[in-house]
Structures are given as C-alpha cells and as structure tokens.
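Throughout, numbering of the chain's residues begins at 1 and tracks the sequence. As the structure lists them, so they are numbered: ligands from 1, and atoms in each ligand from 1.
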Amino acid sequence: MRIGTLTGGGDCPGLNAVIRGIVLQGEKEGYEIIGFKDGWLGVLENRWEKLTPENVEDIQREGGTILHTSRTNPFKEVEGFTRVKETIKTTGMDALIAIGGDDTLGVANRLYQKGIKTVGVPKTIDNDLSATDYTFGFDTATNIAVEAIDRLHTTARSHHRVMVVEIMGRHAGWITLEAGVGGGAHIILIPELPFHIEEVCRLLTKRKEEGKTYSIVAVAEGAKAARGSEFLSGEAVKKGEIDAFGNVYLKGIAQVLEAEIAKRTGIETRSVILGHLQRGGSPSAFDRFLATRFGVKAIELVKEEKFGQMASLRGTEIVSVPLKEAVGKRKLVPQKLYEETVINSR
Ligand code: F6P
C-alpha cells in the first residue's frame, strides 16, 4: 500500500513528529509513504519524495516541516480537482493523510466527499479546531508567549511603563489567555470578547493611581474593539493581504493600542509583536508526544479504512472523529473560562 502525506497552512512545532510517526508506524504495517512538497501545491504539481525511517530519524526534535508548506487551495486553482485525481492515479497512491488546520482539513473533507480516500491530523498553534481537546503546536507557542511576558515584566517595571504584547490568534484567544494568565498580564484582550478602549485605559490609570508602577497588556492579534467604541482596532490593523482560503493577514493591533493608551492615559507605553517567533523552533515535549500519537493514529485510520476521519485527542485518549466535525465550527474561548481565569485585571 502506498500512502501520501502533506503539511498545509502555517507551519507549527510538532509537524515533523507527526511525519515521523506516520513513516515509522507505516513501516511497521509494510506501507510505503510518500511526502508531497509544499502542501496541496505539491499534490497539484505532482511533486513528492519517498519517506523512509532513515530520512525521518530524529526529526521530532525539529520545528517547521521537512515537507515545507503553503496555503494553496486546490479548489481555487484551474482544473484543481482534476489535477489532484491525476496525481493520485500517476503515483498509485491508496490514501492521503493531510496534516493541517481548518483550511487544509476542509480540503481533505471535500476531497473525501468526492470519493478520495483521505484522513486528517489536526494542527494549529491557535488551538481553535473543534473535535479535539488540543492541537499540537499550541503548547510550544504558549510557552514562548509566557516566557516573553515574563521578560517584559522586568523591563516594564524598570521604566514604569505599559507594555503591550501582541500574541497570535486570528479568531481564538487560547494562546493569549493561557500565556496571559500564566505570565501575569494585567489586561488580557481576546477576539471572542470585544474590548472597550475606555475600560482598558481606566484600568491602567487606576493601577497607576494605586501605586502599581507598571502594567502588561496581552492582546491577541485578532482582538476587536466593542461596537460603539470610537476606537478602531480590527479594521485598522488589517494589512489587506488575503490568502486562498480568505484569511486576512493580521498584524499591528499592539502598535495601535500603544499609541492609543499613551494618548489617553499619558503613561509611557511600548509594544512588541511576538509574531512568528511563536511558531518557530523546537516543539515542547508535550507537542512531540501528542504529534507522534496523531501520526500513529493516522496510519491506524488508513489501515481500518476509516476515511473522512481525523485523529483527535479526547482527555488522554487518541480517538477518531469525522473530518466534517473538525472543520464545521471553530473552538473559541468560552466567556466563563475567561472570567474564571482572568483574575489579575485590577
Ligand atoms: O493559524 C496560525 C497562525 O499562526 C495565526 O495565528 C496567524 O494569524 C497566522 O497563522 C499567520 O499566518 P502567516 O504565517 O501566513 O503569516
């Protein structure tokens, strides 16, 4: 049996551990594994390499993806579906394991509905995929963000400043919430709960009046100002670039907040954007282990012919769920969880 695999969408610490899991478990089952280059683009262009236990040796320790990635959407390309079918035919591939987030798995699901044998592995640092408790990459990204916040405390304290730190999370504030709580940010702003700039500034001024000489504001890149607030956020930071899945490239809310806070409170303010630092580098032990388990499960799904399914973490168990459940809706931070855990805003 010949099985193809690919990594699509943003890279994510742990991708290589999944690839290694697929190859080593595949070898045990006597399967041949081929890896497509640059996500769905490699499938469209029939570009791939054979993956053997030798060329995946120890790659679980490395960040990024040895297969490279892209945000290509085959359904947006001319003759996209026909080209995918052509590649499947010429490679003699029996099944395809797609490793990715909402967009990549959405393509895998559409292909499955059109008769292609696909299975999925959930990936995103944002942790916003439904039907799994955690995605790999999230733990690593959160640890990087928490370390950054730890470091910002000392410089903010030394200068009596407000430091605004922008953290990844387009639609969901999971990284910002967990890193913000763990790192002791004084204000945490996430996309799920639109904020009022007046309230942010009131809290910062109150802290100063109480003798608290500095403050940290953790803001998710996708955080938005509440309706009715004259302050612009989301719209102001759109860069205008839109990918093949319709995602807008977001960047800069921290800078907008920096200027607005300084203007309204008179407190010296600085900002930092963590950006892709959160996605680069070695995965945490948690992510290496979870990703390995997902890779092994993906091979099991192929063996059991459970196509249209995705590996998923439920509690401590790796189970399978229909791909359509994963791509149907986003897993967002519940307001209740935010209210229970954000106990430092005062
Ligand atoms: O979806 C993961 C993610 O890291 C988001 O948090 C972020 O908005 C986006 O990818 C950035 O994508 P790119 O690497 O294309 O700039």
Side-chain angles (χ1 to χ4, degrees), residues 6-15 18 38-41 63-65 67-73 76 98-108 120-132 134-146 148 165-180 188-192 218-224 233-256 272-284 287 290-291 310 326-327 329-333:
L6 63 86
T7 54
D11 74 321
C12 180
L15 281 169
V18 182
D38 303 319
W40 293 112
L41 187 63
T65 159
L67 293 175
H68 307 282
T69 185
S70 72
R71 293 194 186 273
T72 305
N73 181 352
K76 285 277 163 65
I99 312 166
D102 206 25
D103 299 329
T104 306
L105 297 182
V107 172
V121 171
K123 165 244 64 158
T124 168
I125 64 162
D126 292 359
N127 198 38
D128 60 353
L129 265 179
S130 293
T132 183
Y134 280 101
T135 46
F136 64 87
F138 169 66
D139 182 68
T140 307
T142 305
N143 279 308
I144 292 166
V146 96
V165 53
E166 180 173 319
I167 294 171
M168 275 189 170
R170 215 195 299 258
H171 308 286
W174 291 107
I175 309 175
T176 308
L177 176 68
E178 293 201 11
I188 297 173
L189 307 174
I190 61 173
E192 292 87 339
V219 58
E221 62 183 357
K224 297 168 201 74
S233 66
E235 292 305 311
V237 296
K238 278 183 185 172
K239 297 265 289 192
E241 278 175 45
I242 297 182
D243 70 18
F245 292 93
N247 301 308
V248 177
Y249 172 41
L250 296 173
K251 190 179 182 187
I253 190 164
Q255 287 159 338
V256 179
V272 56
I273 300 174
L274 298 185
H276 294 80
L277 282 173
Q278 295 159 101
R279 293 219 313 243
S282 296
S284 65
D287 284 336
L290 177 62
M310 177 190 94
V327 300
K329 91 179 195 327
R330 282 198 184 89
K331 184 179 66 192
L332 300 177
V333 174

- With a 4.0 Å cut-off on heavy atoms, is Asp126 touching ligand 1? yes
- Task: Determine the sole option in Lys123, Arg279, Arg71 for which the salt bridge (charged side-chain N to carboxylate O under 4.0 Å, His left out) test with Asp11 is passed.
- Result: Arg279
- Item | ligand 1 contact on Gln278 by region, counting heavy-atom pairs under 4.0 Å | neither
- Message: I need the contact type for Ile125 against ligand 1. Using non-hydrogen atoms and a strict under-4.0 Å cut-off, is it side chain, backbone, both or neither?
- Response: side chain
- For the residue pair Ile125 and Ile175, establish whether any side-chain heavy-atom pair is separated by less than 4.5 Å. yes
- Hey, is Gly101 one of the residues with a heavy atom under 4.0 angstrom from ligand 1? no
- Item | Stepwise salt bridge (Lys or Arg N to Asp or Glu O under 4.0 Å) check, Arg170 with Asp126 | CA-CA 8 Å; Arg170 215 195 299 258; Asp126 292 359; 5.3 Å; no
- Are the side chains of Val107 and Phe245 in touch, meaning some heavy atoms are under 4.5 Å apart? yes
- Protein contact to atom 16 (O) of ligand 1 [nearest heavy atom, distance to 0.1 Å]: His276 NE2, 3.2 Å
- Hey, looking at atom 8 (O) of ligand 1, which of Arg71, Arg170, His171, Glu221 has the closest heavy atom? Glu221
- Minimum-distance protein heavy atom relative to atom 4 (O) of ligand 1: Arg279 NH1, 2.9 Å
- Message: Can you confirm whether Leu15 sits close enough to Phe136 that some side-chain heavy atom of one is under 4.5 Å from a side-chain heavy atom of the other?
- Response: yes
